[in-house]
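Report on the following structure.
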Amino acid sequence: MKPHCFFTSFNKAYLPQALLLAESLRHVYGGKAILVAILVDELTAEDRPGFEAFSRTIEASALGIPNFHSWIFGLDVVEAATAVKPFALSALLREYQQVTYLDPDTYLFSPLAEIEATDSAFDAVVTPHQIYPQREKWLVESTELESMRYGVFNLGFLSVRSSTGGREIADWWARRCYSYCVVDFPNGLFTDQKLFDLAPALFPGLRVLRHPGYNLATWNLRERRVAFSSSEGPTVDGQPLRFCHFTKASHIGNEAMERMISEESAFFQELFYSYVARLRGRRLQLSQMNADWAYGRYRGGSWIAGETRQAFRKLGEKRFAIENPFEAQEAVERMIAGAA
């Protein structure tokens, strides 16, 4: 088996972010870095030049997910991009000794030495949103309580080894995501992420990595000291910055940063604005690409409403009787109406 690969999951609208991730991997690891793109979309001949930065591009429809079109019809774009992750992971674990997932809006600054050490015994590694307790009420509510809502661990990063325990984790995650990878706060669900709150209790080989240089993001700025030195480069709490997670690097991300930034984490602003500038450049390069989500419309061109997706999903296994609902708008509407 080959040693290690990275993969990311996205639709075409997130290609600029994914290309920056690829750029950062090449900068840190050189030409040996393997980054597989899982495209939750349809790739056309015109699109292919934009995907040359990836070692391989696999469309989600090729992952062998049962009843793929009927299944993904019940998901919105965020749910779909996260739900396919464990299926891609399982497939890649058949080829590689270790597989690491990174969200397309992450950016590496140094090698992930802590997860690559051969003397470190684990089946999988995750990182929590926070690693220190807060004292101020507004910070408890903005960080700890938010983690209880969205998930203790940020699954913008996950590394799994092709051990028996690692494959068991991937299989469990795939089964759960097939049925429960949705945004449903009243029922305690948030995409693939909230499901992993249980994982440390279920799998003894799951390691929680508390290195402050992993997953540096707006949600943990208040608890970490971010600095730069000419000898060490960017550091977090005196340790090397491994990667940043630039979630919603736009006005939303900027607002979150301005709210959470402190004097001790002020250098993050330079990292954030540098990333935003690069992202704008990538978007300009790809401005001619049709970024409409292939699974956002019926084949006739009509948008699929979120309420329609939810109603179709609630039909359970009955919905699988329609092999490709994207091509059967009238059949979908009749089935939903019949169940009302």
Side-chain angles (χ1 to χ4, degrees), residues 78 82 85 100-110 112-115 120 122 124-160 169 173 183 185 188-228 234-249 252-272 275:
V78 175
T82 50
K85 288 160 53 178
T100 298
Y101 174 79
L102 288 165
D103 264 357
D105 51 9
T106 56
Y107 194 92
L108 268 69
F109 289 87
S110 61
L112 307 183
E114 292 72 22
I115 68 165
S120 182
F122 63 83
V125 177
V126 292
T127 57
H129 282 97
Q130 284 83 40
I131 57 175
Y132 304 111
Q134 296 296 333
R135 290 181 171 82
E136 296 181 62
K137 182 175 183 292
W138 77 272
L139 281 172
V140 171
E141 294 173 352
S142 299
T143 60
E144 294 177 18
L145 296 191
E146 285 291 282
S147 287
M148 293 174 69
R149 179 176 169 85
Y150 290 96
V152 172
F153 307 105
N154 182 269
L155 288 197
F157 162 81
L158 171 73
S159 192
V160 182
I169 290 170
W173 191 28
V183 178
F185 291 116
L189 298 173
F190 179 71
T191 64
D192 62 328
Q193 193 164 270
K194 196 73 170 66
L195 298 167
F196 243 81
D197 283 3
L198 281 175
L202 301 176
F203 302 103
L206 180 68
R207 176 186 173 194
V208 177
L209 180 62
R210 300 181 70 254
H211 189 295
Y214 282 68
N215 243 328
L216 179 66
T218 54
W219 54 75
N220 52 42
L221 281 180
R222 278 283 170 157
E223 67 175 26
R224 304 186 191 186
R225 291 174 286 106
V226 186
F228 179 84
T235 62
V236 187
D237 294 348
Q239 298 190 55
L241 171 61
R242 298 305 189 201
F243 69 91
C244 283
H245 196 157
F246 294 110
T247 298
K248 297 182 176 68
I252 297 174
N254 186 63
E255 289 169 5
M257 180 186 66
E258 294 295 339
R259 184 165 59 97
M260 300 299 289
I261 202 83
S262 69
E263 185 176 339
E264 291 188 327
S265 60
F267 183 69
F268 181 81
Q269 287 182 306
E270 293 190 34
L271 301 174
F272 181 88
Y275 179 84

Rounded distance [0.5 Å steps], CG in L108 versus CG in L241: 9.0 Å
Note, L158 side chain near F153 side chain (heavy atom, < 4.5 Å): no
Centroid-centroid under 6.0 Å between F185 and Y150 rings: yes
Shortest non-hydrogen contact between R222 and R259, atoms and distance: NH2-O, 3.9 Å
Validation row: F122, L209 side chains within 4.5 angstrom (heavy atoms): no
Rounded distance [0.5 Å steps], CG in N154 versus OG1 in T127: 6.0 Å
I169 and F196, any side-chain heavy atoms less than 4.5 Å apart: yes
E144 (side chain) donor-acceptor with Q134 (main chain) under 3.5 angstrom: yes
Heavy-atom check, side chain of L189 versus side chain of K194, under 4.5 Å: no
Inter-residue atom distance T235.OG1 - R225.CZ, 0.5 Å rounding: 8.0 Å
Parallel, tilted or perpendicular: rings of Y214 and H211 (30°, 60°): perpendicular
Separation of L145 CG from K137 NZ (nearest 0.5 Å): 9.0 Å
D237 and Y132, any side-chain heavy atoms less than 4.5 Å apart: yes
Straight-line distance of T218 OG1 to E258 CD, nearest 0.5 Å: 11.5 Å
H245: which of F157, W219, Y107, F268 passes ring pair (Phe, Tyr, Trp, His ring centres under 6.0 Å): W219
Minimum heavy-atom distance S159-T100, with the two atoms named: OG-OG1, 2.7 Å
Approximate separation, where rounding is to 0.5 Å, of L221 CG and F267 CZ: 12.5 Å
Test item: T191 and V78 side chains (from C-beta on) under 4.5 Å apart, heavy atoms: yes
For R242 against E114, the heavy-atom pair lying closest together: NH2-OE2, 2.8 Å
E264 side chain near R224 side chain, heavy-atom distance below 4.5 Å: no
Any donor-acceptor pair under 3.5 Å from N220 side chain to N215 backbone: yes
Closest heavy-atom pair and its distance - F109, P234: CD2-CG, 4.3 Å
side-chain contact (heavy atoms from CB on, under 4.5 Å) between T82 and Q193, intermediate numbers included: CA-CA 8 Å; T82 50; Q193 193 164 270; over 6 Å; no
Donor-acceptor under 3.5 Å (H129 side chain, G151 main chain): yes
Any side-chain heavy-atom pair of V126 and L155 under 4.5 Å: yes
